[in-house]
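Naming convention: chains lettered A, B, ... in sequence-line order (proteins, then strands); numbering from 1 in each chain.
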Amino acid sequence: MSDIDVAATPPVGGMDHHVSVDPAAVEPRAAADGGPDMVQLLTPEGERIPHAEYDEIVDALSHDDLRGLYRDLVLVRRFDLEATSLQRQGELGLWASLLGQEAAQIGAGRAMRKQDHAFPGYREHGLAWARGLDPMRLIAMYRGVDKGAWDPAEFGFHSYTIVIGNQSLLGTGYAMGIQRDGAVGTGDDARDAAVIACMGDGATAQGDNNEAFVFAGVYNSPVVFFCQNNQWAISEPNARQTRAPIYKRADGFGFPGIRVDGNDVLASYAVTTAMLDRARSGDGPSLIEAFTYRMAAHTTSDDPTKYRISAEVEIWKLRDPIARYKRWLAHEGIADAEFFDAIEQEADELGEHVRAATVGMADPEVGDIFDQVYVEPHQQVADDKATFTAYQASFETAEGA
Amino acid sequence: MSDIDVAATPPVGGMDHHVSVDPAAVEPRAAADGGPDMVQLLTPEGERIPHAEYDEIVDALSHDDLRGLYRDLVLVRRFDLEATSLQRQGELGLWASLLGQEAAQIGAGRAMRKQDHAFPGYREHGLAWARGLDPMRLIAMYRGVDKGAWDPAEFGFHSYTIVIGNQSLLGTGYAMGIQRDGAVGTGDDARDAAVIACMGDGATAQGDNNEAFVFAGVYNSPVVFFCQNNQWAISEPNARQTRAPIYKRADGFGFPGIRVDGNDVLASYAVTTAMLDRARSGDGPSLIEAFTYRMAAHTTSDDPTKYRISAEVEIWKLRDPIARYKRWLAHEGIADAEFFDAIEQEADELGEHVRAATVGMADPEVGDIFDQVYVEPHQQVADDKATFTAYQASFETAEGA
Amino acid sequence: MATQKSTIAKALNAGLRKAMENDPKVILQGEDIGKLGGVFRITEHLQKDFGEDRVIDTPLAESGIMGTAIGLALRGYRPVVEIQFDGFVYPAFDQIVSQLSKLHSRSRGAIKVPVVVRIPMGGGIGAVEHHSESNEAYFAHTLGLRVVFCSNPEDAYWMIQQAIECDDPVIFYEPKRRYHEKGEVDFDAPAASRDLFSAHVVREGTDVTVACWGPMVKVCLDAAAAAEAEGRSLEVIDLRSISPLDIEAITRSVEKTGRLVVAQEAPSFVSVGSEIAAMVTERCFYSLEAPVIRVAGWNTPYPASKLEELYLPDLDRVLDGVDRALAY
Amino acid sequence: MATQKSTIAKALNAGLRKAMENDPKVILQGEDIGKLGGVFRITEHLQKDFGEDRVIDTPLAESGIMGTAIGLALRGYRPVVEIQFDGFVYPAFDQIVSQLSKLHSRSRGAIKVPVVVRIPMGGGIGAVEHHSESNEAYFAHTLGLRVVFCSNPEDAYWMIQQAIECDDPVIFYEPKRRYHEKGEVDFDAPAASRDLFSAHVVREGTDVTVACWGPMVKVCLDAAAAAEAEGRSLEVIDLRSISPLDIEAITRSVEKTGRLVVAQEAPSFVSVGSEIAAMVTERCFYSLEAPVIRVAGWNTPYPASKLEELYLPDLDRVLDGVDRALAY
Ligand SMILES: Cc1ncc(C[n+]2csc(CCOP(=O)(O)OP(=O)(O)O)c2C)c(N)n1
Ligand SMILES: Cc1ncc(C[n+]2csc(CCOP(=O)(O)OP(=O)(O)O)c2C)c(N)n1
Ligand SMILES: [Mg+2]
Ligand SMILES: [Mg+2]
């Protein structure tokens, strides 16, 4: 047909451009649904799907509990939106929005008992809320007033962790401590404890998370790995982080993995409850993949229009976690318009409180730079603090003079 | 029955001593066989078991090839034993014996094509042999003359790697390079290439190896992860490294894992051949778990009597890779006593050669300390070399005077 | 086109593009460097123009990025790796220290690993933890690596090209708070005409020498301008490379001025500043009128961002260092 | 039992045992530390006596070991981690730098992470690559960590106990080539009676101060003995702790002698020796008769073991350093 020798034509840029795997070929597109293995109790339309294993857990919830979940979802979303707008107005250095992931986090957080411990990343505002952490602590961190200075012991909620993967190992070690305290499998509901260790979809690629799987498996430790697959790691889709669906990772480490609809608060609650029970009773670790979507930018510094199409976001809007839950509550007659209005009102108040408290937040003590580097005195830090203090004082003297 | 309150008795050392998982409960003991999933073509008794998938590959081997494998096994074992005894006599700083793992390595090494590349750990003497590396290069490294100074490009056999896990990522990156060179899936037998990346059973716990699985999966790279499960990581059994059988790890990363009898040279050859073919033709990575046993100490510095019972070693002696292969060759009439004698003779010669060459090996050049730290000049290294040289010279002057 | 105004960010982008055009073996790897163009947009448009096989969005695993980059280098490629922020290089530390820095000497020269590791470094952008670190001391102490910093658009352009051409592994630090500062760049000048590893006297002076690199160069130049108003003449040296260290250039200046201030963002304790002080004192023992003064980040972890202004050495602290040197 | 002859290895074992007896929260983690007792037998018999839950054989993953140790500390335990060899600490570097060293300040003091990281360090045992490194500079530069070295059996015994009692994370270096050297140990002396973080003048002298730590202490003491024969009086200081650095002790000695030699196995470039030189020069500018002389491993990766004798500073090189200091 042609006298051009095709084989001899050098590929563009010296490369064969067919070597990359087409992401679409190995993993469903981000807009895809979670597939048949996904545990879903509430459809996006708010219809309740029966489930042999999990109905019992959900059915045990009182109407108060169920309304409480709704309240959590709405308040956390409002808080998050307020934080985003505070950042836009220059009041925060950065904000990582949880928009779209409320159900995954509230479901998991409310499945925890007092004695359980959560090891979060940097986007776990819903989990923090469920653990009783004052949201202003999160604001303080993103405002740059501190680095996340709460006491984990107080809330069973550990430091926000920015370095991807680190917290899973900390959580696993903590769970090893629970074992050594004899607080697993005693049957005492107030004693047996477990850990939730959070990770994102992108984070599953990190060595630390896989080592956490190894340790938890080998020691049969009471830790639930809770992966929020929000489809994106900044600009990279799932297919750039793993070739297999995330929940399938667990099996090769010797424990169960489950995919749950992360936009379904009942499913997230039920599956997490079951896995925490399993852990507390001594049956070891598990991996929950909460299939959800990051509706906002990665953080306020990010511009998602560079890498994802809005049609995808539109599809996920139809799967909104709050809308479906509200529909179901109303349809079942568990909550009425008055209740919804009251929550709306409370949300407004929370928003206003957060705004006022942020704007009025005191700057940190300058001593913070030096004072908690070590528990016990350290000569070089002490010397630097003295130099710093004298240096600062020299200005005051100069100004005073 | 007793008036002692059991619950109130504090556990010894403040701990509940029942929290550890019993290793035996989660993984078969080291002496167990590989289970029904294991690919085996030759029984320990030397009987050939037919296999629908792999017979074809083995049947394609000529009698010369088959005798060649025997020669490899015997010579490598002899070399290894000689090295061990040289170490005992103070000629080597250390030796890591491959005793018992010859078949796994020779099978894999002979399945490679010239253009393939292997990324070894520190015990891959059989693989090195199959790639044509002069065994004296290995001796030089363990003698402390150099740090493994061969040119990987020359042999398709990369540096010995001591830091557990590092080489799998290097191998995966190399495989990504093969893809970019358009040397995958072209159908040209002399062009399409693949990588073998080695790891031990203990090494599967390391973050790097799991990240290598992630990268290879995501990019569908032509790399075969070759894990020699010799049941021990120094003193720790498999159960301390993973809760699930190793070959099952692969599935959760999106590619196949296969357990093969690592003491069966035919099976190791066949499975590796199939997986390398798969990789070269563009179908991506795989994990081979070669189920074998470390018959010797971890290294000459190790004392295995501290942690394993000799009965276990006795069981594995009955599964010796060379004995079973010899039996089969003889039974099939592929090799006769004369051949076996000739190989024995050759092995003796090799042993003598290695001994003589080791004892006579020149010490390294002192310049080696400085000369290959950088490709291009570096002021501080140059300054140190000058100082060193002057300092050395000062003694000569002093002695001369 | 002669010289043109550009930012460091754009100059780096242009330098990477030029290197990729010149050599098909140059490939980029990192998190979000493809469609997004990197969180700082340093690789913007490069994936579109050079394809996904040369501008590789990697899984979120720095040891993996580094290890596969070394593997690609073993295959003959010249990978340029982007570490998203300074504080995220540590998962790759093992691959950098155990493999990247050592393969050449391990193999007695048979292996070359021309990998460039780009790290946006330093503070001053109001970021959360782990995003403001100056960790050059770790890599400078790791023999087998080269460590360089660009401080302005002009240098950024040719330095990144030279780093890529260098057959040794190079840690290439970029002062992230200066990414968008402008300067003249001669995009036609051949990269090879300068020396990546020699220091540059960016301002001549006679009273005190000030050695600095990366983001501190501008601070020190500003300090020198301010000092001039007070009748003090500072000589400012942009070291560019801290491994190797162009000690001759520093000592030449110190022999003249008799005084040296080293300014860096990193904590002083066991740092590059310590090394410069030690070396200069050894070499200029009789010409030094004062001990070498180090102006540095405090010996603490990087603080919450509301405190970073008090942490980072600024113009006043540099001048205070100068005063201290002159007080002898 | 009064004092008794012991090796460093046995003294460490006894110190660990004592700490475990005193506090049920003390637990050990590492590769092969159980039945085997560690590759150097430092934890010998401890698993037998304290059980598998307090002496934990871990998977082969250093980041995992470190991360879970931190997690255990968060639960109120006091983990003592064994890194099998110096060159294998790097996979744990991220956990050490990003979490271990920073959790206390991140939490404004709410969190304590009393983890001890034991590292058999240094060369001289004819080992293969990665088994002979002196990497203390990395950790000394990491504020939030404490870094100490024992140099003899007596110190090994009480220092390990104090390190375990310390509420800050401690990198505890053990000079592997000296594990089996003997010395007197008072096993009854309470550990608390000394100060882990203060330097110790191990030999008084008047002409030159020699500062050293870990395996170099013996070399320097031998050098001092040899120097005495030539009529030179060396004052030898075993620093014990390099972070914090007992700079007062060093300057006190230097004010007396006017000369300082720092001896270390690590390469000199951007090292603890650099810091000592910089600090001492700042503090003793007018009393120093000579610049601080550093005697160190060469600025290269650790060489093949047949060359290590030429790499490691020995008695002659220390004396050469002394000569150089005295030549001013
Ligand atoms: C070790 C490390 N590398 C890189 C980063 C920069 N970074 C912050 S978030 C992020 C993506 C995380 O994606 P994912 O795990 O899916 O979590 P998500 O943000 O979607 O909740 C990256 C690359 C980091 N924080 N830590
Ligand atoms: C990162 C790292 N940690 C620790 C070691 C020390 N070490 C050398 S070999 C070994 C056990 C390896 O076991 P396995 O992976 O099963 O390989 P095998 O020795 O059995 O071939 C250990 C812990 C090392 N070399 N690298
Ligand atoms: Mg995500
Ligand atoms: Mg093994």
Side-chain angles (χ1 to χ4, degrees), chain B residues 12-17 19-20 93-94 122 140-149 160 162-165 200-208 233-236 240-242 298 301-304 306-308 363-366 368-370 373 378 380-381 383-385 387-388 391-392 394-395, chain D residues 20-21 23-27 31-39 41 44 49-54 56-65 84-85 87-88 90-91 94 125-131 267-270 296-308 310-311 316-317 320:
Chain B
V12 184
M15 305 266 170
D16 176 345
H17 271 270
V19 302
S20 293
L94 185 82
Y122 43 78
M141 176 185 140
Y142 279 105
R143 188 173 163 90
V145 169
D146 61 40
K147 295 186 262 186
Y160 262 22
I162 290 171
V163 180
I164 302 285
D201 44 293
T204 61
Q206 193 68 266
D208 269 15
I234 308 187
S235 72
E236 300 194 24
R240 276 279 160 270
Q241 307 293 348
T242 176
H298 170 69
S301 297
D302 179 40
D303 173 8
K306 294 243 172 205
Y307 54 80
R308 72 184 187 189
D363 278 349
E365 300 292 324
V366 300
D368 279 10
I369 297 178
F370 305 95
V373 179
H378 186 290
Q380 278 69 49
V381 177
D383 287 350
D384 265 17
K385 184 171 183 187
T387 306
F388 169 81
Y391 174 73
Q392 291 293 105
S394 74
F395 287 97
Chain D
M20 294 185 79
E21 282 166 357
D23 184 350
K25 292 294 185 188
V26 174
I27 56 182
E31 295 157 6
D32 307 294
I33 66 166
K35 271 198 190 151
L36 184 61
V39 295
R41 306 293 184 273
E44 190 151 45
D49 296 342
F50 294 96
E52 289 198 23
D53 292 327
R54 290 188 67 190
I56 308 175
D57 268 334
T58 63
L60 206 177
E62 285 77 7
S63 190
I65 298 172
Q84 201 159 74
F85 282 88
F88 306 142
Y90 308 124
D94 181 39
I125 62 160
V128 292
E129 213 185 338
H130 312 287
H131 290 70
S268 64
F269 196 63
V270 189
W298 303 111
N299 284 314
T300 71
Y302 201 86
S305 64
K306 287 263 178 198
L307 294 168
E308 71 181 340
L310 295 173
Y311 182 87
D316 283 331
R317 279 187 54 210
D320 178 63

**Fill in**
Separation between NZ (B/K306) and CD (D/E44), nearest 0.5 Å, reads 4.0 Å
**Message:** To the nearest 0.5 Å, what is the distance between OG on B/S394 and CG on D/D316?
**Reply:** 9.0 Å
**Request:** Apply side-chain hydrogen bond (donor to acceptor under 3.5 Å, both in side chains) to B/D146 and list each qualifying residue two or more places apart in sequence or on a separate chain.
**Result:** none
**Request:** Please name the residue in the list D/L60, D/I33, D/D32 that meets the side-chain contact (heavy atoms from CB on, under 4.5 Å) test with B/E236.
**Result:**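 Considering D/L60, D/I33, D/D32, a side-chain contact (heavy atoms from CB on, under 4.5 Å) with B/E236 is found only for D/D32.
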Using non-hydrogen atoms and a 4.5 Å limit, figure out which bit of [X] sits close to chain B: side chain, backbone, both or neither.
X	answer
D/D57	both
D/E308	neither
D/Y90	neither

Where on [X] is there a heavy atom nearer than 4.5 Å to chain D: the side chain, the backbone, both, or neither?
X	result
B/D383	neither
B/Q392	side chain
B/A203	backbone
B/D384	both
B/L94	side chain

**Asked** Taking all atoms of both residues into account, what is the closest heavy-atom pair of D/A61 and B/Q206, and its distance?
**Response**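 Closest heavy-atom pair between D/A61 and B/Q206: CA-OE1, 3.5 Å.
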**Message:** So which atom in B/A205 and which in D/P59 form the shortest heavy-atom distance, rounded to 0.1 Å?
**Reply:**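 Minimum heavy-atom separation between B/A205 and D/P59: CB-CB, 3.8 Å.
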**Request:** Report the C-alpha separation of D/L310 and B/F388 in whole Å, then their side-chain angles, then the decisive distance to 0.1 Å, and conclude whether the side-chain contact (heavy atoms from CB on, under 4.5 Å) test is met.
**Result:** CA-CA 9 Å; D/L310 295 173; B/F388 169 81; 4.0 Å; yes
**Request:** For residues B/S235 and D/K35, determine if any side-chain heavy atom of one lies less than 4.5 Å from a side-chain heavy atom of the other.
**Result:** no
**Asked** Hey, are the side chains of D/P267 and B/Q380 touching, using non-hydrogen atoms and a 4.5 Å cut-off?
**Response** no
**Asked** Most heavy-atom pairs under 4.5 angstrom with chain D, which of B/V163, B/D303, B/V381?
**Response** B/V163
**Prompt:** Do you know which of D/E21, D/H130, D/E31 has the most heavy-atom pairs under 4.5 Å to chain B?
**Reply:** D/H130
**Message:** What verdict does the side-chain contact (heavy atoms from CB on, under 4.5 Å) test give for D/V128 and B/Y122, after you've listed the backbone C-alpha separation in whole Å, the side-chain angles of each residue and the deciding distance to 0.1 Å?
**Reply:** CA-CA 10 Å; D/V128 292; B/Y122 43 78; over 6 Å; no
**Derivation and outcome, side-chain contact (heavy atoms from CB on, under 4.5 Å), residues D/V39 and B/I234** = CA-CA 9 Å; D/V39 295; B/I234 308 187; 4.3 Å; yes
**Side-chain donor/acceptor of B/Y391 to backbone N/O of D/R317, under 3.5 Å** = yes
